[in-house]
Amino acid sequence: MGSPRWWRLAILGVFLLALAVRLAIVFEGAGAPYHRFLVLDAATYHRIALTGDPAEPFWQPPLYPWFLRGLYALAGGPSPLLARLVQALAGALTAALTALVARRFAGPGWAAGAGAAVALYAPLATLDAELLPASLATFLVTAFVLLLLAPGAPGSWGRRLRLPLAGALLGAAGILLPPLGLAAALALAWLARREGWRPALLVGLIALVPVAGVTLRNRSYERALVPVSWNGGTNLWIGNNPDYPETVGIRPGVRWTRLMEAPRCEAGAATRAAEAAWFSARARAFALSDPLGFSRNLLWKAAGAVSAREIGRNRDDYDARGESLVVRLLLWPWGFPFVVLFPLAAAGTAALARERKEPGGFPGLPLLVALGVMAIPVIFFPTARYRAPALPMLIVLAAAGLPCVRRHPGAAAAAGAAALAVSMVPHGIPPIPAGETLYEIGVDLDMDGRTREALPFLVEAARGAPDNADVALYLGLVLGKLERGEEARLQLERAVALAPDADAGWQALAVYWQRRGDRARARAMLERAVAANGCNRRARALYAQVLMDAGELEGARRQLDEAERVYPRPDPFVARARQRLAQLSGPAPPAAPPGPSPSAPIPHR
């Protein structure tokens, strides 16, 4: 397909426009707390990049921390700003690549418009400014699609390298965001139909190389199979249970800790693979035992996947409007720009489907990849960053199909109206309060050893959310670390009053009273902690210490046995208590094999 002379200048213009938008967002938001201090997944990736891979199977896919680690090595130290700048460049390249993909199916004007749409698409631009894998995933998916669509001239180096490079990109995507596997399978099926099974097999085998390397690395720590990371089971359950969408809103705190302890405590899971399998089994049991509820959730999640309003995960996406004039202009709370993009993509696709002869052919590959990516929030749970890699493909569908709309106005209008109606269905997931971001900043600063810096964020969060038990709890813990005991006690007492099952609050109050020599109160607080959460092995270890102080060695032994049952891995608190018990009474008799607690029945699998 020939292109006019201005086409290359148009591609350059798209690239520069996208880069300018993204750099503006990075530098405008640089002083905002959310960008000065990392939270949640961004903080986790950053921390892994600094401390190294865990000595166990990966919790999250490893490529993004490796990417950050490489950039930090180049910078001579941790540099989130450098990561944001590199991702701004990747986002600009994505815009240019989108124009090239669109050119396979549309005229140069429409293709340039598609690239400009990606350049100005605020949800993509803001993701490029976050330390999250969505930016790189979107780039990899777009580049992969372009490689499959552009075979190159016969005998050229581009033609020879096209399939191996596509396989390498697909493999990178596999260890960056494994759920892209569905889109990859659809793309390989398209390639097999177009060019035969051998090219598709070649791409697939090359893609498996990095995935197999990660799988073997995980197997060196556990004999059970963990293909890439073990968080998939947790994420599957979060979106597939009777309490959806409430579970999607679980944030780090008492409920999250309780959730992550459940496989070990309730089923005796001794490995990360077993923990992931436990969550997957619960999701599967829900689907089998309540097919109507499961189907209802799928429909609800499908509406959320195409919701006009962006669904945040680390924070509410619309908070960025207060940090950047560019975002304020390009991202509107009532649903722009997705409320425009999705109906246009649907209308264009419907019009193309009615065409008997199209100059560029039907954009089957972009459609399949978009459907595969959009299935991720339906299988797991909706969030803006899960659907991000599909957005350039939706823009391609709109650019390819809109020229045909005037020839098929009825089909286009019906599809566009249906898409608009579905995008306006309430998704049921409440927005993340701005104060929660302050809380998360405080938590992550404390985890990084910057407790004094964490305090003002937690104080501000508590002021804005006086009824939030997690905020009160963590504020009390931080005040305790800063030796402000009485203030800490007041916050901890408020936390357990708001949430009597906040075992960490009772445990911290026990430490407070123990330091003040009130063993009776310390014991009462630890009894409450263990009663609130029998899975808290450290509360049990502390309770065992108190029992040893009182000479109740058998009671202490029972607490330590239970602590080791609910957490069948080495723990320094439990180990120290066990060592002291051995000194007081001699070695413990052989413990029974780990098994489920009589008071905690195994859930239906």
Side-chain angles (χ1 to χ4, degrees), residues 38-73 77-78 80 83 131-133 171-172 174-178 208-236 252 256-265 267-280 443-450 504 535-538 540-541 560 563-579 591 593-594:
L38 303 173
V39 303
L40 293 176
D41 287 342
T44 300
Y45 289 125
H46 173 74
R47 199 171 289 120
I48 294 172
L50 294 179
T51 60
D53 297 337
E56 62 178 8
F58 291 114
W59 155 248
Q60 290 175 311
L63 183 57
Y64 193 71
W66 293 347
F67 164 76
L68 292 179
R69 191 175 302 152
L71 292 181
Y72 294 171
L131 265 64
L132 297 169
I175 58 174
L176 177 74
L177 193 62
L208 285 176
V209 171
V211 175
V214 171
T215 303
L216 291 174
R217 181 264 179 201
N218 288 339
R219 192 167 175 80
S220 68
Y221 291 99
E222 290 185 5
R223 293 189 61 81
L225 180 65
V226 180
V228 177
S229 59
W230 64 275
N231 65 336
T234 309
N235 289 339
L236 185 66
W256 176 259
T257 301
R258 197 72 51 83
L259 173 67
M260 297 308 296
E261 287 172 339
R264 297 188 297 268
C265 183
T271 65
R272 295 305 191 188
E275 292 179 34
W278 185 86
F279 283 112
S280 298
V443 170
D444 281 295
L445 283 172
D446 177 62
M447 290 178 65
D448 289 335
R450 301 162 67 181
C535 296
N536 188 335
R537 82 272 188 185
R538 293 191 172 180
R540 288 188 179 277
L560 293 178
E564 291 169 345
R565 186 198 68 78
V566 300
Y567 192 82
R569 294 191 184 89
D571 181 90
F573 282 76
V574 178
R576 282 196 294 270
R578 181 68 78 182
Q579 184 178 18

> Does the distance from a Lys or Arg side-chain N to an Asp or Glu carboxylate O, for Asp571 and Arg576, drop under 4.0 Å?
Replying inline: no

>> Under a 3.5 Å distance rule, please check whether Arg272 uses its side chain to pair with a backbone N or O of Ala224 as donor and acceptor.
In response: no

>> Has Tyr221 got a side-chain atom pairing as donor or acceptor with Ala55's backbone, closer than 3.5 angstrom?
In response: no

Contact check, side chains of [X] and [Y], non-hydrogen atoms, under 4.5 Å:
{"X": "Val566", "Y": "Glu261", "value": "no"}
{"X": "Thr215", "Y": "Val226", "value": "no"}
{"X": "Arg47", "Y": "Met447", "value": "yes"}
{"X": "Arg540", "Y": "Leu560", "value": "no"}
{"X": "Pro61", "Y": "Trp66", "value": "no"}
{"X": "Thr234", "Y": "Phe279", "value": "yes"}
{"X": "Leu38", "Y": "Tyr45", "value": "no"}
{"X": "Cys265", "Y": "Arg565", "value": "yes"}

Find the distance between [atom1] ([X]) and [atom2] ([Y]) and round it off to the nearest 0.5 Å.
{"X": "Leu131", "Y": "Asp41", "atom1": "CG", "atom2": "CG", "result": "11.0 Å"}
{"X": "Ser280", "Y": "Asn235", "atom1": "OG", "atom2": "CG", "result": "10.0 Å"}
{"X": "Leu132", "Y": "Thr44", "atom1": "CG", "atom2": "OG1", "result": "10.0 Å"}
{"X": "Phe67", "Y": "Leu176", "atom1": "CZ", "atom2": "CG", "result": "9.5 Å"}

Mind checking what makes ring-ring contact (aromatic ring centres under 6.0 Å, His included) contact with [X], not counting sequence neighbours?
{"X": "Phe573", "answer": "none"}
{"X": "Trp59", "answer": "Trp230"}
{"X": "Tyr567", "answer": "none"}

State, to 0.1 Å, how close [X] and [Y] come at their nearest heavy-atom pair, and which atoms those are.
{"X": "Val228", "Y": "Pro62", "value": "CG1-CD, 3.9 Å"}
{"X": "Pro78", "Y": "Leu50", "value": "CB-CD2, 3.7 Å"}
{"X": "Pro65", "Y": "Ala49", "value": "O-CB, 3.6 Å"}
{"X": "Pro57", "Y": "Glu222", "value": "CG-CD, 3.7 Å"}
{"X": "Asn218", "Y": "Ser229", "value": "ND2-N, 4.4 Å"}
{"X": "Pro263", "Y": "Trp278", "value": "CG-CE3, 3.4 Å"}

> Checking salt bridge (Lys or Arg N to Asp or Glu O under 4.0 Å) for the pair Arg264/Glu275: CA distance, chi angles, key distance, verdict?
Replying inline: CA-CA 7 Å; Arg264 297 188 297 268; Glu275 292 179 34; 3.5 Å; yes

> Stepwise, does the side-chain contact (heavy atoms from CB on, under 4.5 Å) test hold for Arg217 with Phe58?
Replying inline: CA-CA 9 Å; Arg217 181 264 179 201; Phe58 291 114; 3.5 Å; yes

